[in-house]
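Some notes on the structure that comes next.
Just follow the structure's listing: the first ligand is 1, and inside any ligand the first atom is 1. The shown structure was predicted, so the numbers you read here are calculated from the model rather than taken from an experiment.
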Amino acid sequence: MNRIFSGVQPTGNLHLGNYLGAIRNWVRLQTDYECIFCVVDMHAITMWQEPTQLRSHIREVAAAFIAAGIDPNKHILFNQSQVPAHAELAWIFNCVARMGWLNRMTQFKEKAGKDRENASVGLFAYPNLMSADILLYKATHVPVGEDQKQHLELARDTAQKFNGDYGVDFFPLPEPLIFGTAARVMNLRDGTKKMSKSDPSDYSRINMTDDADAIALKIRKAKTDPEPLPATLAGLEGRPEAANLMGIYAGLADLTLDQVCARFGGRPFSDFKKELADLAVSVLTPIQDEMRRLLADTGAVDAALRDGAGRARALAAPILREVQDIVGFVRP
Ligand code: AMP
Ligand code: TRP
């Protein structure tokens, strides 16, 4: 049986990029795979999180998953900190992966910025925890956005080195699953930057919690260029903002970018933006309503997470025991 593992950090401002690039695709995987979805709270604290905020973000992400259509009964949904085996395997991987490998990680360079000496040790070792997340369940496939490909390569290298160092054929090499349309949703104010949770301008992204007016306003204010929309893909060359907005439309409507070009080619942005806003609102509103319902009483979300963590612990335990045996730890 093919097994999926993926994670989202509960660091706030869950946005349209997370939805189109990640969550929505995961919902669809549920029919063909056994899925494990994780709210990676231990990854989140690699950069300081205000505890009250962290708590509400963990529940918000879990509610978004469920509202978007993840079934926590058929599959597993849990928060990482509640399955200690992640941290235990991550430590072993800290001793397998090499400094040189981690030094090449572009996400660390971006997040640490100029002051690398002042970044947390956890931020540097972050990819090893991510490898542990995946390999603890011997997941075969990992759906991620483009930005996580490098971390997944590292997980494969670590699995391979572990197998080689100990002369075993234990960990499978996990495959990335990268989705085509809207794999990368860009910033509404700058089509060359990724839409991100941490951009200081709220106008740069559509949050999962934005109401219909906010969504329409942000799309109206989104950066464009003076030309009408192109009728072909080639016409998107050198027009990052047009490519992004049309890509978002394609993602939300489940069309190819080609089809969106054919439909809107020659029309002005003003027309297109109205239709895009209506579409975004119609896709997001039902999810938002369900999120609000779930979050009105944390009991249901907490129960789903608790149950998921129990089942995750049960899956992880025998694999971690085998790892301990392979490494040479005594389990008296
Ligand atoms: P993060 O927000 O970095 O915790 O990412 C959570 C998931 O959403 C990962 O699978 C990312 O690859 C994906 N993701 C984040 N931002 C974007 C974006 N702008 N476009 C597409 N996918 C994204
Ligand atoms: N690093 C991922 C991100 O920032 C989140 C993540 C943590 C993850 N562990 C994972 C994704 C395991 C896939 C598999 O988006």
Side-chain angles (χ1 to χ4, degrees), residues 3-27 29 35-47 49 57-58 60-61 64-65 68 76 78-81 83 86-87 89-90 93 105-108 110-111 122-123 125-156 158-159 174-199 204-208 240 243-244 247-248 250-252 312:
R3 184 179 279 175
I4 292 277
F5 185 98
S6 202
V8 170
Q9 293 195 55
T11 42
N13 296 327
L14 213 54
H15 54 71
L16 189 64
N18 297 129
Y19 178 68
L20 289 179
I23 301 173
R24 190 190 54 167
N25 297 318
W26 303 357
V27 169
L29 293 170
C35 299
I36 305 172
F37 297 121
C38 187
V39 184
V40 289
D41 48 7
M42 296 201 296
H43 275 101
I45 62 162
T46 55
M47 303 187 72
Q49 304 295 318
H57 288 149
I58 291 168
E60 195 178 296
V61 171
F65 280 24
I76 293 181
F78 72 107
N79 58 317
Q80 190 182 29
S81 60
V83 182
H86 288 249
L89 185 58
F93 286 166
M105 294 296 114
T106 56
Q107 183 175 293
F108 174 74
E110 274 165 30
K111 289 198 175 178
L123 188 66
Y126 174 119
N128 291 337
L129 179 58
M130 178 162 161
S131 304
D133 296 341
I134 298 163
L135 295 169
L136 184 57
Y137 303 95
K138 294 192 175 181
T140 53
H141 295 82
V142 182
V144 282
E146 290 280 351
D147 59 321
Q148 295 299 314
K149 260 168 98 171
Q150 194 186 31
H151 287 158
L152 206 68
E153 266 314 305
L154 187 104
R156 291 166 60 91
T158 302
E175 298 281 347
L177 283 178
I178 308 258
F179 294 87
T181 313
R184 218 170 142 83
V185 175
M186 308 307 281
N187 186 307
L188 296 180
R189 309 296 287 177
D190 176 353
T192 63
K193 288 203 309 207
K194 208 179 75 156
M195 183 178 287
S196 106
K197 289 168 177 167
S198 55
D199 193 284
S204 71
R205 69 181 156 259
I206 293 174
N207 298 309
M208 288 303 284
N244 186 37
I248 292 174
L252 288 169

What do you reckon, does Asp147 have a nitrogen or oxygen under 3.5 Å from a nitrogen or oxygen of ligand 1?
yes
Check the pair Gln107 / Asp147 against side chain to side chain donor-acceptor pair (under 3.5 Å), numbers first and verdict last.
CA-CA 8 Å; Gln107 183 175 293; Asp147 59 321; over 6 Å; no
Full working for ring-ring contact (aromatic ring centres under 6.0 Å, His included) between His151 and Phe108:
CA-CA 10 Å; His151 287 158; Phe108 174 74; over 10 Å; no
Are His86 and Tyr137 close enough that their ring centers fall under 6.0 Å?
yes
Residue pair Val185 / Leu16: nearest heavy atoms and the distance that separates them:
CG2-O, 4.4 Å
Numbering the atoms of ligand 1 from 1, which are under 4.0 Å from a heavy atom of Arg184?
20 (N), 21 (C)
Distance filter under 4.0 Å, heavy atoms only, around ligand 2 gives Phe5, Ser6, Gly7, Gln9, Val40, His43, Tyr126, Met130, Asp133, Ile134, Val142, Val144, Gln148
Return the minimal non-hydrogen interatomic distance between Met105 and Gln150, and the atom names on each side.
CA-OE1, 3.4 Å
Any N/O pair Met186/ligand 1 closer than 3.5 Å
no
Return yes or no for this condition: an N or O of Gly21 is under 3.5 Å from an N or O of ligand 1.
no
If I compare all heavy atoms of Val27 with all of Ala68, which pair ends up nearest, and what's the gap?
CG2-O, 3.4 Å
Can you find a heavy atom in the side chain of Leu129 that is under 4.5 Å from one in the side chain of Thr46?
no
What's the spacing between Lys197 NZ and Asn18 CG if we round to 0.5 Å?
5.0 Å
Is the closest side-chain heavy-atom distance between Leu154 and Thr158 below 4.5 Å?
yes
Which of the ligand 1 atoms, numbered from 1, are nearer than 4.0 Å to a heavy atom of Met195
16 (N), 18 (C), 19 (N)
What are the atoms of ligand 1, with element, lying closer than 4.0 Å to any heavy atom of Val185?
18 (C), 19 (N), 20 (N), 21 (C)
Side chains of Leu177 and Leu29, heavy atoms from C-beta outward: is any pair under 4.5 Å?
yes
Side chain, backbone, both or neither: which part of Glu146 has a heavy atom under 4.0 Å from ligand 1?
neither
Identify the two heavy atoms, one from Leu152 and one from Pro174, that lie closest to each other, and give their separation to 0.1 Å.
CD2-O, 4.4 Å
Show the atoms of ligand 1 that are less than 4.0 angstrom away from any heavy atom in Val8.
6 (C)
Are any of the N or O atoms of Asn18 closer than 3.5 Å to those of ligand 1?
yes
With atoms numbered from 1 as shown, which atoms in ligand 1 lie under 4.0 angstrom from a non-hydrogen atom of Gln9?
4 (O)
Show which atoms of ligand 1 fall inside a sub-4.0 Å distance from at least one heavy-atom site of Ala22.
7 (C), 8 (O), 10 (O)
Report, in ascending order of atom number, the atoms of ligand 1 lying under 4.0 Å from any heavy atom of Lys197.
1 (P), 2 (O), 4 (O)
Regarding Lys193 and Asp199, does a basic nitrogen lie under 4.0 Å from an acidic carboxylate oxygen?
yes
Has ligand 1 got any nitrogen or oxygen that is less than 3.5 angstrom from a nitrogen or oxygen of Gly17?
yes
